[in-house]
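A quick write-up on the structure given underneath.
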Amino acid sequence: MKRIALLAMLFVSALGYSQGSSNATATSNAIIVSPIKIESSQDLNFGKIIGSATGGTVSIEASADATRTIDDDMNAPGSTPTAAIFAVTAEAGQLYSVDVEASTLKADGQTPMTLNPTTNLTETSISGNRTIYVGGALVVNANQVPDIYSGDVKVTVSYE
């Protein structure tokens, strides 16, 4: 009787280990989102500025109205300041960040002026299509030599 029980246990045990392979499946997924894109439609323009012996700061508000703040002794009438305008096209619900680089405005052989840009954005992560206004503060040096100064306003958007 013990032999029959022992043989039965060996037979059942052998059945449990007789599988040579096994498998399982998992689902694989992918979500394709639209590429993020940014385009500029208007430049940042500080307008005409009269230099002064002490220098100063000229600021443009980052908005559609783009009001300019300037010291009275540097104000030159007859110019129309504008904020830069960028249009972002991105996937709805997909967060992205916006980075605006500080830059300088230069003219050949002249001392450059520093531009500290600002935007109309209050969030650090946004999603969907947006209009970004870029203004900023331009630091005009003391006795800045009259010339035409220019530089770039670079805005980078990146999916998070």
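The model shown is predicted, which means the values in this text are computed figures rather than measured ones.
Residues forming a salt bridge (Lys or Arg N to Asp or Glu O under 4.0 Å) with K48 (at least two apart in sequence, or on another chain): none. Considering only residues two or more places apart in sequence or on other chains, A87 meets the side chain to side chain contact (heavy atoms under 4.5 Å, CB included) condition with none of them. Scanning for side chain to side chain contact (heavy atoms under 4.5 Å, CB included) contacts around T114 gives N116, V139, with sequence neighbours left out. In this structure, the salt bridge (Lys or Arg N to Asp or Glu O under 4.0 Å) partners of R130, at least two apart in sequence or on a different chain, are E123. Among residues two or more places apart in sequence or in another chain, the side chain to side chain contact (heavy atoms under 4.5 Å, CB included) test is passed with T119 by V100, L121, I132, V134. Under the side chain to side chain contact (heavy atoms under 4.5 Å, CB included) criterion, T67 pairs with E61, not counting sequence neighbours.
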Checklist entry - Taking it one step at a time, do S63 and N120 satisfy side chain to side chain contact (heavy atoms under 4.5 Å, CB included)? => result CA-CA 6 Å; S63 71; N120 61 317; 5.8 Å; no
Next on the checklist: Walk me through whether Y96 and V88 qualify under side chain to side chain contact (heavy atoms under 4.5 Å, CB included).
Outcome noted: CA-CA 10 Å; Y96 58 90; V88 178; 3.4 Å; yes
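Formation of a donor-acceptor pair under 3.5 Å by the N75 side chain with backbone atoms of I49 is not found in this model. Judged by distance alone, with hydrogens and angles left aside, the side-chain atoms of N141 form no donor-acceptor pair with the main-chain N or O of G55 at under 3.5 Å.
Between P117 and A102 the shortest heavy-atom distance is CD-CA, 3.6 Å. The minimum heavy-atom distance between L44 and G135, with the atom names listed, is CD1-CA, 3.9 Å. Between A53 and A142, the shortest heavy-atom distance links the atoms O-CB, 3.1 Å. A pairwise comparison of heavy atoms in T57 and M74 identifies N-CE, 4.0 Å as the closest pair. When all heavy atoms of G136 and T118 are compared, the closest pair comes out as N-OG1, 3.5 Å.
Cluster annotation: L105 and V145 are assigned to the same hydrophobic cluster (Ile/Leu/Val/Met/Phe/Trp/Tyr, side-chain heavy-atom contacts under 4.5 Å, transitive). Note on I126: it does not cluster hydrophobically with L95, by side-chain heavy-atom contacts below 4.5 Å among ILVMFWY residues. One hydrophobic cluster, built from ILVMFWY side chains closer than 4.5 Å, cannot hold both I50 and I70; they sit in different ones. I60 is connected to V155 through a chain of hydrophobic side-chain contacts under 4.5 Å among Ile, Leu, Val, Met, Phe, Trp and Tyr, so both are in one cluster.
Sequence neighbours left out, the pairs with a member in residues 32-46 that pass side-chain hydrogen bond (donor to acceptor under 3.5 Å, both in side chains) are S34-E91, K37-E39. Applying the side-chain hydrogen bond (donor to acceptor under 3.5 Å, both in side chains) test to every pair with at least one member in residues 148-160, sequence neighbours left out, gives these pairs: S125-E160, Q144-Y149. Identified under the salt bridge (Lys or Arg N to Asp or Glu O under 4.0 Å) test for residues 62-73, with sequence neighbours left out: none.
Enclosure of atom CG in D99 by more than 12 non-hydrogen atoms of other residues, nucleotides or ligands within 6.0 angstrom is indicated.
Residue N129 holds its CG atom at 5.0 Å from OG1 of T89, rounded to the nearest 0.5 Å. Separating the CG atom in N143 from the OG atom in S52 is a distance of 7.5 Å, to the nearest 0.5 Å.
Using a 4.5 Å heavy-atom threshold, the side chains of V98 and F86 count as separate.
When hydrophobic side chains of Ile, Leu, Val, Met, Phe, Trp and Tyr are connected at separations under 4.5 Å, I85 ends up clustered with Y133.
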